[in-house]
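What's counted below: heavy atoms across the whole structure, side chains too, no hydrogens, waters or symmetry copies.
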Amino acid sequence: MELTRRNALAIGAGAFAATILPFKVSAAADEAMMAFTGGADVADGGITITSPEIAENGNTVPVSVDAPGAVSILLLADGNPDPKTAVANFGPLAAAQKVSMRIRLAGSQNIVAIAKMADGSFVKASNPIKVTIGGCGG
Amino acid sequence: MASGVKPRVKVPKSAAAGSSITIKTLISHKMESGRRKNKAGELIPRSIINRFTCEFNGQPVIEVLMEPSISTNPFFEFDATVPEAGEFKFTWYDDDGDVYETSKPVAIA
Amino acid sequence: MKNKSLKATFGAAAAMAVLALGSSAAFAETDLDKELIVNGEEKLVTRAPAADHLKGHLKEVFSGWVFRADETQALQMDDFDNPGMIFVDQARDAWDTVEGTEGKSCASCHGTVEESMAGVKAVYPKWNEAAGEVRSLDMQINDCRTTRMGAEPWKLTKGKMTAMNALITLQSRGMPVNVAIDGPVQSMWERGKEMYYTKTGQLEMSCANCHEDHYDNYIRADHLSQGQINGFPVYRLKNAKLNAVHARFKGCVRDTRAETYKPGSEDFLALELYVASRGNGLSVEGPSVRN
């Protein structure tokens with residue numbers, strides 16, 4: 001079987017999924033996480049990231065993060081040269097602790113969201129996003 | 001002064017007291033990341049909007065601290081509670097010191 | 001200069017791409033029936049029977065919207081999600097701005113854009129009797145600016161022109177594209193048609209090779225559309241701005257590794273006329289959102 005781009009992508013997806021556990025981030029992302037959590041334990045769950053499996057174009061990728069009861073959410077793009085992407089701080093008049101935005105991704109990578117909850121604890125989630133190089137899209 | 005920067009926000013004209021509404025905000029801004037190079041191979045310096053806030057009658061709804069990974073023409077969508085009639089104020093802070101603002105009133109239905 | 005091995009490689013790659021599509025689960029099947037409804041109320045026609053002049057070539061025509069990922073499609077379904085609309089807002093300001101030696105704004109002659117420009121874009125490019133030539137909307141805008149406002153013409157591919165084109169296009173949104181192909185425009189239309197089917201460049205590809213023979217297939221990771229222009233000006237995620245038709249044509253021709261043409265040239269005007277007519281029956285969509 002010839003290693004076409006499509007097959008490589010499919011194989012890569014499997015390998016990619018395997019690299020998600022155990023949870024590992026780049027040094028720069030880790031630094032940003034530390035600054036946000038102060039080194040506290042970060043549990044899984046309680047926060048949802050909605051993002052495409054394959055980004056049609058890495059320059060503008062719609063993502064949203066939702067963490068009911070959070071005070072603030074840190075969003076990291078683990079494969080970007082500067083992984084720290086945004087920090088959303090929710091005020092008393094935020095009807096929900098969620099926000100949607102559009103981000104740039106330098107290549108296929110995980111995006112990671114960490115929420116600081118009202119009781120001072122932290123939770124996280126991460127989604128892989130594949131970023132393809134176009135064809136003749138000019 | 002970043003030129004041609006224009007905000008565009010969607011806020012319902014009225015809402016029931018205490019209800020939640022969805023707000024969408026867009027602003028035209030290059031969000032120069034500081035990672036691109038010009039034709040001579042020199043790095044183009046970073047120049048982005050680094051902070052966005054939304055307030056209602058002076059009370060905070062949301063604040064987003066923004067970094068270069070946010071796309072050109074930054075977009076945010078979020079939900080806000082409308083306790084009474086009043087005005088939403090949206091503010092964007094540029095690296096170069098400029099501040100862009102717009103506001104939208106909401107009546108109680 | 002023929003490069004046989006390059007052609008063979010490309011042909012093989014294209015064939016593999018076509019074959020690989022069937023076997024991969026990574027790319028979902030295109031939903032050709034998906035409806036484009038803007039702001040929850042405006043339904044746009046994205047699938048229509050092909051115009052008579054396409055007999056033997058295409059049975060149906062599809063808007064480029066149909067071929068994009070779900071997330072990209074969603075961006076066009078609300079005028080506050082659509083990033084192209086911030087530039088439409090800028091053009092609204094420009095519409096009312098006095099410019100040039102005559103002390104006029106667009107509004108001075110045309111009144112509101114909603115009333116004066118309804119239905120205009122849907123029939124462009126078209127014959128201008130007084131000027132005795134085929135004109136694109138951009139040409140007409142510049143003619144107004146230079147002869148009536150005494151203002152500087154706008155560059156076709158830059159922000160001010162694409163924004164104004166988008167504002168005017170919006171006033172035809174939802175109306176069927178209805179470009180005339182006979183009478184005084186016929187010879188230019190035939191010229192555009194010939195260009196469309198002529199192979200060019202080191203890669204020896206014509207527009208038709210991708211957009212007629214292989215729409216809905218993938219070329220590398222790009223999902224090919226029919227290359228319709230009913231959605232122009234288009235906000236591309238790739239460059240985060242509004243793009244003009246001629247700018248896209250220029251890129252496509254360059255991608256065949258040919259010497260490309262200039263935006264605003266008669267060659268591209270002929271091509272724009274022909275390609276617009278291939279979309280007759282689809283709704284005017286602009287400003288649209290694509291990859």
(Q) Among residues at least two apart in sequence or on other chains, which ones pass ring-ring contact (aromatic ring centres under 6.0 Å, His included) with C:Phe249? (A) C:Phe268
**Q.** side chain to side chain donor-acceptor pair (under 3.5 Å) involving A:Asp44 - partner list, sequence neighbours excluded
**A.** A:Lys124
Q | Residues of residues 61-74 of chain C within contact distance of chain A, non-hydrogen under 4.5 Å | A | C:Phe67, C:Arg68, C:Ala69, C:Glu71, C:Thr72
Q: Sort A:Arg102 into side chain, backbone, both or neither according to what part of it lies under 4.5 angstrom from a heavy atom of chain C.
A: side chain
Q: Answer yes or no: does atom CD of C:Glu42 have more than 12 heavy-atom neighbours from other residues, nucleotides or ligands under 6.0 Å?
A: yes
(Q) Looking at A:Asp41, I want to see if its CG is surrounded by more than 12 non-hydrogen atoms of other residues, nucleotides or ligands under 6.0 Å. (A) no
Q: Would you please go through residues 57-79 of chain A and name the residues with a non-hydrogen atom below 4.5 Å from one of chain C, in numerical order?
A: A:Asn57, A:Asn59, A:Thr60, A:Pro62
Q | Contacting moiety of C:Leu224, where chain A heavy atoms sit under 4.5 Å | A | neither
Q) Around C:Lys262, counting heavy atoms of other residues, nucleotides and ligands shown, do more than 12 lie under 6.0 Å from its NZ? A) no
Q) How many angstroms lie between atom NZ of C:Lys238 and atom CD of A:Glu56, to the nearest 0.5 angstrom? A) 12.5 Å
**Q.** Largest heavy-atom contact set with chain A, pairs under 4.5 Å, which of C:Asp81, C:Leu237, C:Thr256
**A.** C:Leu237
Q. How about A:Glu31: does its CD atom have over 12 heavy atoms from other parts shown lying under 6.0 Å from it?
A. no
